[in-house]
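Written out below as structure tokens is the structure these notes cover.
Excluded from the calculations below are hydrogen atoms, water molecules and symmetry mates; all remaining heavy atoms, backbone and side chain alike, are included.
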Amino acid sequence: MTTSSVSSPQGEARPRPYIKWVSRVLFGAALVILLFHLSVYIAYAANLIAFPFDYDQGEGFELVDVMMFAEGRFPYQPTESFPFYSSNYPPLFHIFPIPFMWVFGPQYWYGRLLAFIGTLICAGIISYAVHRETQNRLIAVLSGLAFLASNIVYHIGPLFRQHMTMVLFETAAIVILANAVNVRQPGRRWRQIALGLGFIIAAGYTKQLALFTAIGALVFLFIRNPRRAIIAGFAFGAVGIGIFAWLHFGTNGEWWRQAIAANVNEFYPDQMMGLFRLWWQLHSALIIPAVLLMVYELYFDRLSIYTVWFVASLANGVGSGAWGAGDSYFATTIAATCILSGIFFARTLAGGWHFPVDVYLSRLVRPLRPAAPALIAASMIVIPLLYVKYGRDTFKVPTNVPVYREIAGVLNLEPNAPRWAAEKTFYDSAGRLAGGYADIGHFTTQADIDAGWHIVEMIREAEQPVITEDASFNLLAGETVVTNPTQLRNLWLNGLYDGTELIEMVENQEFAFIVYRAQFYPADFLEAVGENYAPDEEATVYMNGFEYIIMRPKP
């Protein structure tokens, strides 16, 4: 079938000089704002890397997993006997810090540093993808910076957690596969497809949520070439299942019980809806152009892998309503949004829209062809303004750090974090997470560090084991980490944990004391503690915006 196209006329009615000048000023402003976001992100990462204790609950248990792998053991251990430890995440993220563990022992800084560097690499891949598609260097840079400016990426980027490493692998996989399908040499094409799917396997064994990216990638490959997709899918499945079987049999079934079966949590629709609203409010300036590009591909062009990926990853946002989930479930979608919006912006500035004549909807577009130069001129103003709006929507700044404090004062920004602290020291446009418990993004202080070492000294002086809801205190005291509270709770709620021995130890007051932060334990454990232990009000410790309650044995 022969088709012609309607595109923006080239060389007609070039934008007037003052339009170009205003556009440059606005793009400069957008770049400055996003670079400011980057500076805050770097300062936050540096502050967090230097903090020796748990910042986000769960970091310490990631470190315990690394320690166990470094010792040649799986962290998926039987949970009914002391120390009742359990892990609910795949192993790959915990492999990378092992050399640091061997040299420096259990420390938080190297896990946070690796995670932070991973987000920078991910932003670089996003910039590369936009530049490869459009050849627009400025938009490519802004797209990468926009990813790092997102409050959601900022919150979790430097944490000793595996989520952003998963996003890094997912993004690399999609960008590789986007090019692989266009390679003409069969051998080279298959190598790129294998590499892209290999990164997806790596993402899946970093965190289970990569399943949605895997589905999106395989759907895209099937759309482009069903036969090739089936062959690749079988190979992909064989490798993935092989690794799964190795983990299952190597842990006597604990991998399945702890990392898969235990991850079915209560679902809160209000939490999910609140997080979807938060995602929209923060990223609408990029979501709208991303969706416009998707609509264009659907009606006038071929669906790109970035569109399929966006849809698949957004479906994962439904899972954000589960207990223990949060805004991090949208991080992958944000990466896809930055790429799609960047391509839309660059293509608009270049007048690169083509509308096939034989497509019915093109009749609606053809009358606009004479106005194309004016539309391009308008886009030179609107596009940088959208980046400025995005920078404003995602604004965040510490209010207790020199220079940043003065900037917050000039902008008349009142701190709203940390949520539980008596003195709030950080402004975050995201506010507090809807329905979640996480309270992250603010900077730690020397007072927080001193408070943490106070708990460590209490543990060192104890003559019996101590249970702490954050693992860092036991780790730094050189004592055994007893339990992984949230994971025991997940196992217990799914009928996979009895807890008889642990309850008996509590009833016999075999723990010197128990440190509560959020009380994310099985209900019967909390009941047993309430009957046999009481809060020592004089020993309560305040750290990082949280109240650490010391539960001591009752007389």
Non-neighbouring partners of S150 that pass side-chain hydrogen bond (donor to acceptor under 3.5 Å, both in side chains), sequence neighbours left out: H283
Partner set under salt bridge (Lys or Arg N to Asp or Glu O under 4.0 Å) for E414, not counting sequence neighbours: none
Residues in salt bridge (Lys or Arg N to Asp or Glu O under 4.0 Å) contact with R161, at least two apart in sequence or another chain: D56, E62
Rounded distance (nearest 0.5 Å) linking atom CG of L209 with atom CG of N263: 8.5 Å
Ring center gap for Y108 and F51 short of 6.0 angstrom: no
Output side-chain donor-acceptor pairs under 3.5 Å for residues 189-196, partner residues at least two apart or in another chain, one line each.
residue	atom	partner	partner atom	Å
R189	NH1	V183	O	2.8
R189	NH1	R184	O	3.4
Q192	OE1	N179	ND2	3.3

Gap separating the CG atom of L38 from the CZ atom of F147, nearest 0.5 angstrom: 12.5 Å
Donor-acceptor contact present, side-chain Y205 to main-chain I200, <3.5 Å: no
Check: H163 ring centre within less than 6.0 Å of Y89 ring centre: no
Pair H442-N400, side-chain donor/acceptor within less than 3.5 Å: no
N/O donor-acceptor pair under 3.5 Å between E133 side chain and A129 backbone: no
Interatomic distance, R132 atom CZ to I339 atom CD1 [nearest 0.5 angstrom]: 9.0 Å
F93 six-ring face occupied by K207 cation (under 6.0 Å, within 45°): no
Residues L168, F199; criterion side chain to side chain contact (heavy atoms under 4.5 Å, CB included); working and verdict: CA-CA 9 Å; L168 167 62; F199 269 113; over 6 Å; no
Pairwise side-chain contact, I139 with I383, heavy-atom cut-off 4.5 Å (strictly under): yes
Donor-acceptor pair, side chain of D65 and main chain of H94, under 3.5 angstrom: no
Side chains of P418 and N544 in contact at under 4.5 Å (non-hydrogen atoms): no
Spacing of S304 atom OG and L298 atom CG [to the nearest 0.5 Å]: 11.0 Å
Where F220 and L177 come nearest, the two heavy atoms and their spacing: CE2-O, 4.4 Å
Shortest non-hydrogen contact between K389 and S284, atoms and distance: NZ-OG, 3.5 Å
Sub-4.5 Å side-chain heavy-atom contact between F267 and P269: yes
Flag, side chain of Y154 to backbone of G441, donor-acceptor distance under 3.5 Å: yes
Separation between CD1 of I176 and CD1 of I125, rounded to the nearest 0.5 Å: 7.5 Å
Beyond-backbone contact of M164 with V167, side-chain heavy atoms, under 4.5 angstrom: yes
Ring geometry between W309 and Y306 (parallel below 30°, tilted from 30 to 60°, perpendicular above 60°): tilted
Non-neighbouring partners of Y387 that pass ring-ring contact (aromatic ring centres under 6.0 Å, His included), sequence neighbours left out: F345
Set of residues satisfying ring-ring contact (aromatic ring centres under 6.0 Å, His included) with respect to F27, sequence neighbours excluded: none
Chi angles and distances behind the salt bridge (Lys or Arg N to Asp or Glu O under 4.0 Å) call for E59, R112: CA-CA 9 Å; E59 284 187 288; R112 290 168 176 162; 2.9 Å; yes
Side-chain heavy atoms of I376 within contact of L349, under 4.5 Å: no
Donor-acceptor contact present, side-chain E406 to main-chain V403, <3.5 Å: yes
With S313 via side-chain hydrogen bond (donor to acceptor under 3.5 Å, both in side chains) - residues at least two apart: T333
Donor-acceptor pair between T444 and N47 side chains, under 3.5 angstrom: yes
Partners passing ring-ring contact (aromatic ring centres under 6.0 Å, His included) against F36 (at least two apart in sequence or in another chain): F395, Y404
Sequence neighbours excluded, every pair satisfying salt bridge (charged side-chain N to carboxylate O under 4.0 Å, His left out) that has a member inside residues 227-239: none
Those residues that, when tested against Y390, pass side-chain hydrogen bond (donor to acceptor under 3.5 Å, both in side chains) (two or more places apart): none
Donor-acceptor pair, side chain of Q271 and main chain of A322, under 3.5 angstrom: yes
For residues 233-241, which side-chain N or O atoms pair as donor and acceptor with protein atoms under 3.5 Å away, sequence neighbours left out?
none

Sidechain-backbone polar pair: S127 side chain, A140 backbone, donor-acceptor under 3.5 Å: yes
Main-chain N/O of V130 paired to T134 side chain as donor or acceptor, under 3.5 Å: yes
Pair S429-N151, side-chain donor/acceptor within less than 3.5 Å: yes
Y41/F116 aromatic ring centres below 6.0 Å: yes
Pair H155, D428: side-chain N/O donor-acceptor within cut-off below 3.5 Å: yes
T206 versus Q162, side-chain donor and acceptor atoms under 3.5 Å: no
Pairwise side-chain contact, F100 with L114, heavy-atom cut-off 4.5 Å (strictly under): yes
Check: I305 main-chain N/O paired with R224 side-chain donor or acceptor under 3.5 Å: no
Non-neighbouring partners of Y296 that pass ring-ring contact (aromatic ring centres under 6.0 Å, His included), sequence neighbours left out: F300, W353, F355
Non-hydrogen side-chain atoms of L26 and L385 separated by less than 4.5 Å: yes
Straight-line distance of S341 OG to L386 CG, nearest 0.5 Å: 9.5 Å
Contact summary for A229 and L218, nearest pair of heavy atoms: CB-O, 4.4 Å
Neighbour count above 12 (heavy atom, 6.0 Å) for R137 CZ: no
